[in-house]
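Letters A, B, ... mirror the listed sequences (proteins, then strands); counts begin at 1. Note that the structure is a prediction, hence the values are computed from the model and not measured.
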Amino acid sequence: SAVISQKPSRDICQRGTSLTIQCQVDSQVTMMFWYRQQPGQSLTLIATANQGSEATYESGFVIDKFPISRPNLTFSTLTVSNMSPEDSSIYLCSVGSYLGEQYFGPGTRLTVT
Amino acid sequence: SQQGEEDPQALSIQEGENATMNCSYKTSINNLQWYRQNSGRGLVHLILIRSNEREKHSGRLRVTLDTSKKSSSLLITASRAADTASYFCATTGNTPLVFGKGTRLSVIA
């Protein structure tokens, strides 16, 4: 299984600002995924990021709010833009198979004040 | 929605006892997976069971799948304090992982 790291591990941000979260994998992977986990809730898929193409967003998530970059096969970023307190969540990246098992990073705990 | 729903929401047991968690889902699936999450950190993949399988074992874990009832169960035998975590089922069908709300397991030493 891949080893995945995320930066930052946590942050406290003011509303209206943006935060970029980095996800680094120790091996080349085709698909990377970004999830949001709101407090006390389950995980919801934000988007799938493939290298060399635009990310595919799930219903309820838009590129203007959550722009994603995927410059190479080991790295991706997710930006949470124009944040509000409702964006306070844990954001997780994962790698793996689209319909199979996935391996998750440790998550980024975001608090928006 | 094919979202899984775990039952119970919370479970507290003594060390050494067995823990059983259940998951129900709504639509047909390719596979069902169980994940563990410790204290709001990243998820750890535990086991995947395909739609044509009925039971699978991995160490102290036993997973069953009943596609006719659209349900699965995760059994952890001889539980340990280190098993304390949230456990999520997740299904894939035509879409990637759709997670349930999870069961919070507390194992008391």
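Applying the 6.0 Å contact sphere to CZ of B/R80 captures no more than 12 heavy atoms from other residues, nucleotides or ligands. The local environment of CD in A/E54 is sparse, with at most 12 non-hydrogen atoms from other residues, nucleotides or ligands closer than 6.0 Å. Summarising the local packing, CD of B/Q9 is surrounded by 12 or fewer heavy atoms from other residues, nucleotides or ligands at distances under 6.0 Å.
Between chain B and the residues A/L45, A/T108, A/L92, the most heavy-atom pairs under 4.5 angstrom are made by A/L92. Of the listed residues (A/E58, A/R109, A/Q37, A/Q41), the one with the most heavy-atom contacts under 4.5 Å to chain B is A/Q37.
Note: the hydrophobic cluster containing A/M32 does not contain A/F104 (ILVMFWY, side chain heavy atoms under 4.5 Å, direct or indirect links). Cluster annotation: A/Y91 and A/F75 are assigned to distinct hydrophobic clusters (Ile/Leu/Val/Met/Phe/Trp/Tyr, side-chain heavy-atom contacts under 4.5 Å, transitive). Under a hydrophobic clustering in which Ile, Leu, Val, Met, Phe, Trp and Tyr are joined whenever their side-chain heavy atoms come within less than 4.5 Å, directly or via other members, A/F61 and A/M31 fall into different clusters. Linking ILVMFWY residues whenever their side-chain heavy atoms come closer than 4.5 Å, directly or via other members, places B/M21 and B/L65 in the same cluster. There is a path of hydrophobic side-chain contacts, each under 4.5 Å, that joins B/V107 to B/L61.
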Under 3.5 Å, sequence neighbours excluded: what are the donor-acceptor pairs made by side chains of residues 7-20 of chain A?
from	atom 1	to	atom 2	distance (Å)
A/T17	OG1	A/Q14	O	2.6
A/S18	OG	A/N82	N	3.3
A/T20	OG1	A/T79	OG1	2.8

- [ ] Walk me through it: do B/L97 and A/Y35 pass the test side chain to side chain contact (heavy atoms under 4.5 Å, CB included)?
- [x] CA-CA 10 Å; B/L97 293 176; A/Y35 289 82; 3.7 Å; yes
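Applying a 4.5 Å heavy-atom cutoff, the residues of residues 32-39 of chain B that approach chain A are B/Q33, B/Y35, B/Q37, B/S39. Residues of residues 43-52 of chain B that come within less than 4.5 angstrom of chain A, heavy atom to heavy atom, are B/L43, B/H45, B/L48 in numerical order.
With sequence neighbours excluded, no residue forms a ring pair (Phe, Tyr, Trp, His ring centres under 6.0 Å) with B/Y87.
Only the side chain of A/I90 comes within contact range of chain B, with at least one heavy atom under 4.5 Å from a heavy atom of that chain.
In terms of modelled atom types and a separation under 3.5 Å, the side chain of B/T92 and the main chain of A/G100 share no donor-acceptor contact.
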